[in-house]
There are 2 protein chains.
Amino acid sequence: MINSSKSVSLTSKTVQTGFSMNKNITLQDIAKALNISASTVSRALTDSYQIGAKTKKLVLDYAKQHHYVPNRMARGLKEGKSRSIGVLVCSIDNNFMAQMLDGIDQHCSERGYQIIIMQSKELYEQEKANVDLLYASGIDGLLISPSYQTVDFSHLTHLQELGVPVVLFDRLSKHIDTHKVAVDNFKGAYDATMHLINNGYKKIAHINWDTELSVATKRFEGYKQALEDSGIKLNNDWIKFIDTTNAETLTLQLDTALQELMDFRPSPKAIFTATDLISTKCLALLHKRGYSVPKDIALIGFSNTDLADVLNPSLSTVHQPSFEIGSLAAQQLLSLINGKDTNSFQTILLPTELQIRASSQPKN
Amino acid sequence: MINSSKSVSLTSKTVQTGFSMNKNITLQDIAKALNISASTVSRALTDSYQIGAKTKKLVLDYAKQHHYVPNRMARGLKEGKSRSIGVLVCSIDNNFMAQMLDGIDQHCSERGYQIIIMQSKELYEQEKANVDLLYASGIDGLLISPSYQTVDFSHLTHLQELGVPVVLFDRLSKHIDTHKVAVDNFKGAYDATMHLINNGYKKIAHINWDTELSVATKRFEGYKQALEDSGIKLNNDWIKFIDTTNAETLTLQLDTALQELMDFRPSPKAIFTATDLISTKCLALLHKRGYSVPKDIALIGFSNTDLADVLNPSLSTVHQPSFEIGSLAAQQLLSLINGKDTNSFQTILLPTELQIRASSQPKN
DNA sequence: CTGTTAGCGCTTTCAT
DNA sequence: ATGAAAGCGCTAACAG
């Protein structure tokens, strides 16, 4: 019934451009049309080691002309690999993540790998379910930035045992042994805090994300270290941890935190914020509350927004090489997939970049 | 060799948690272990119409216990569908797109569909190649926001003929007949321009994207219509079209355009910008050139940035329901995939939202 | 209700 | 250099 005849059916319904409704042409179709065996076609198509030059050209020409495109599922099923990798992130819906995904996609698609992106929405259970789904779809490897809930990494080590390499990016954990790619959060935070100190600020508050993830803890440590190295005593009343998982809680908690900070005596004269969302939202809330930045309070924070220059005032940031994080992580994963030695897992920490703008200028 | 024995090999290398290196458990494995046929297992797993309750429970329990997860490639190959859809966009690396992708992902993943995202980077050839790749991977449908180069849509109509439904989102075209989802760009532009006029502005410039895409042309028309309806004569010297495909050209051309606009006599007193990038960049450049907004020149433009409130000054925008565009488009595609009648393709135009802030306030 | 059989499209020995 | 045949994991007639 299908392909029963070579003649183009002009009566098939919804003919629009002269094409018949014939489904995808398969390797078998080519074999039949050319009166050669399927294996020969396969060899020609995959550029096998030995194949007649003319046969090869014949096949290739026919394939191109008829717009043949190999069935990835069949090939994947046969080979036990899919040339696709899973990318599991908390949320796709923010600029920083989009930039990293861009880096991942760039690297992978140039090498013929497809990426399947899934979101955990910061939910551990969702993350586990997605890992299963990805595994089921035959991914050759997984790139993951774990949810902030994730403390048990057995779903990932299990994947490794199944032969699927895993690479962590952005958010790292010591609970799994593999390649990891992120920025040097400690140093980034240290630099930012030091910058404030160098600009004459001593009363420096810190607002961070309420999580055990190293992205947060390292930045907190960098902050503390900078203070310590400068002989400034830590003031716990100036340190706030807030829940950033959704926009509303974030705004609410941040607003409260800010109010407490500004009302406290002695009040801090500068803030170092640890995440993109906190930084920009902090600026907005300060603005709304009528505080002048940096006159009333200076601000610097981690953020990758393109709009830092246009903000009011322009926002000093610790900028992360997001695209590079993504492409490097992808590179590490592909090298794992393609059998580079798995003995020596490495953790790559890229440098952050301090971008000084108006919000962190000296008070006078 | 594989699965030759049920005994856990304790000598296999890199045993970490007591798991053997056995690969994924298959449906066949379950059948063997339970001494039933593969089809029975399959039926139990797929919740087939008639299957013994105890057998079913037996299988399900065993499957869960052994963490069985069906091979999606095998299933896809067999069924001729993959429960995955392709999403082809110009670039993932911007907030607006990320929001739409979030909407798509949400809708699809809730219904068991995987999405495969690819980027055309505004290149027609790349778009065509990606369509092939997606088709090869067995997508059940395609969601696409075409590259700005795309004028020939035969790669998409061909896909339709092959039986793969296509839905356009954000960027629409009349060259293909299918479901389409976007916002009412004409009205959004009309409203924005009208808002400026209502605020007392009559000399209104317009900066748009240099493309034939309807997103651009409709917005231009909305602008013109608002002027006409208000009895304001169009001044072609106040209308600029620029190339926004990469950040550098954009900045360069926009800067030039702005300079020409401000130097021209009579000079415009307000600008309506047609795209996200142009709007925010415009504000930045005006700021850099020392113009005061809205005192020297008012500004309103299409943009979905979360930071509009914090910009300097806060930016009046035409805001698009990005998440809804994505999820609606996904919904339309899934209904096509699942055989809802394809006779009556519809174009859904969501309303935009005018968000008035400081940049468009009356001059005095 | 369950087992047998065939086959989705492709690659890959093993022959020739 | 090419062909024949087997099989990846799964589902779906078709029997019983």
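Hydrogens, waters and symmetry mates play no part in the numbers below; they use all other heavy atoms, side chains included. Letters go in sequence order (proteins before strands), and every chain restarts at 1. Keep in mind that what you see is a predicted model, and the values were worked out from it rather than measured.
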- request: Identify, between B:Ser39 and A:Ser39, the residue whose nearest nucleotide on DNA chain C lies closer to the 5' end.
  value: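 Its nearest nucleotide being more 5', the pick is B:Ser39.
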Exercise. Given that B:Ala53 and A:Val69 both sit by DNA chain C, which one's nearest nucleotide is further toward the 5' end?
Worked result: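 Between the two, 5'-proximity favours B:Ala53.
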May I have the distance from [X] (atom [atom1]) to [N] (atom [atom2]), rounded to whole angstrom?
| X | N | atom1 | atom2 | answer |
| --- | --- | --- | --- | --- |
| B:Lys57 | C:dC1 | NZ | P | 17 Å |
| A:Leu45 | C:dG9 | CG | P | 15 Å |
| A:Arg75 | C:dC8 | CZ | P | 18 Å |
| B:Lys78 | C:dC8 | NZ | C1' | 6 Å |
| A:Leu77 | C:dT12 | CG | P | 13 Å |
| B:Glu79 | C:dG9 | CD | C1' | 15 Å |
| B:Gln28 | C:dT5 | CD | P | 13 Å |
| B:Met73 | C:dG7 | CE | P | 23 Å |

| Hey, what's the ring geometry for B:His66 with B:Tyr62, parallel, tilted or perpendicular (30° and 60° as the breaks)? |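 Plane angle under 30°, so parallel.
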Atom pair OG1/CD1 of A:Thr150 and A:Ile176 - distance to nearest 0.5 Å
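Here the interatomic distance stands at 11.0 Å.
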- Message: So for B:Arg43 and C:dG3, does any side-chain atom that can act as donor or acceptor lie under 3.5 Å from a complementary atom in the base?
- Response: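 Yes.
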_Side chain of B:Ser37 only, heavy atoms from C-beta on: which candidate in C:dT4, C:dC14, C:dT11 is closest?_
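From the listed options, C:dT4 comes nearest.
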Knowing that exactly one of A:Val164, A:Leu134, A:Val167, A:Leu143 qualifies, which makes a side chain to side chain contact (heavy atoms under 4.5 Å, CB included) with A:Ile85?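 Result for side chain to side chain contact (heavy atoms under 4.5 Å, CB included) with A:Ile85: A:Leu143.
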Can you list every pair that meets salt bridge (charged side-chain N to carboxylate O under 4.0 Å, His left out) and has a residue in residues 65-83 of chain B, with sequence neighbours left out?
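Non-adjacent pairs meeting salt bridge (charged side-chain N to carboxylate O under 4.0 Å, His left out): zero.
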Is A:Gly52 touching bases, backbone alone, or none of the nucleic acid, heavy atoms closer than 4.0 Å?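 A:Gly52: backbone/sugar contact only, no base atoms under 4.0 Å.
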Strictly below 4.0 Å: does A:Tyr68 bring a side-chain N or O up to OP1 or OP2 of C:dG9?
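Answer is no, no contact under 4.0 Å.
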| said: What's the angle between the local helix axes at either end of the helix from C:dC1-D:dG16 to C:dT16-D:dA1, using five pairs per end and rounding to 10 degrees? | reply: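 Rounded value for the end-axis angle: 40°.
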Any luck finding a side-chain donor-acceptor pair between [X] and [Y] under 3.5 Å?
| X | Y | answer |
| --- | --- | --- |
| A:Thr157 | A:Ser154 | no |
| A:Thr40 | A:Ser37 | yes |
| B:His175 | B:Asp152 | no |
| B:Gln119 | A:Asp102 | yes |

Handout entry: Outermost nucleotides of DNA chain D that come under 4.0 Å of a non-hydrogen atom of chain A
Key =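 On DNA chain D, the outermost contacted nucleotides are D:dA1 to D:dG9.
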Check: Between B:His155 and B:Tyr124, does the ring centre distance come in under 6.0 Å?
Finding: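 Aromatic pair counts; centres sit under 6.0 Å.
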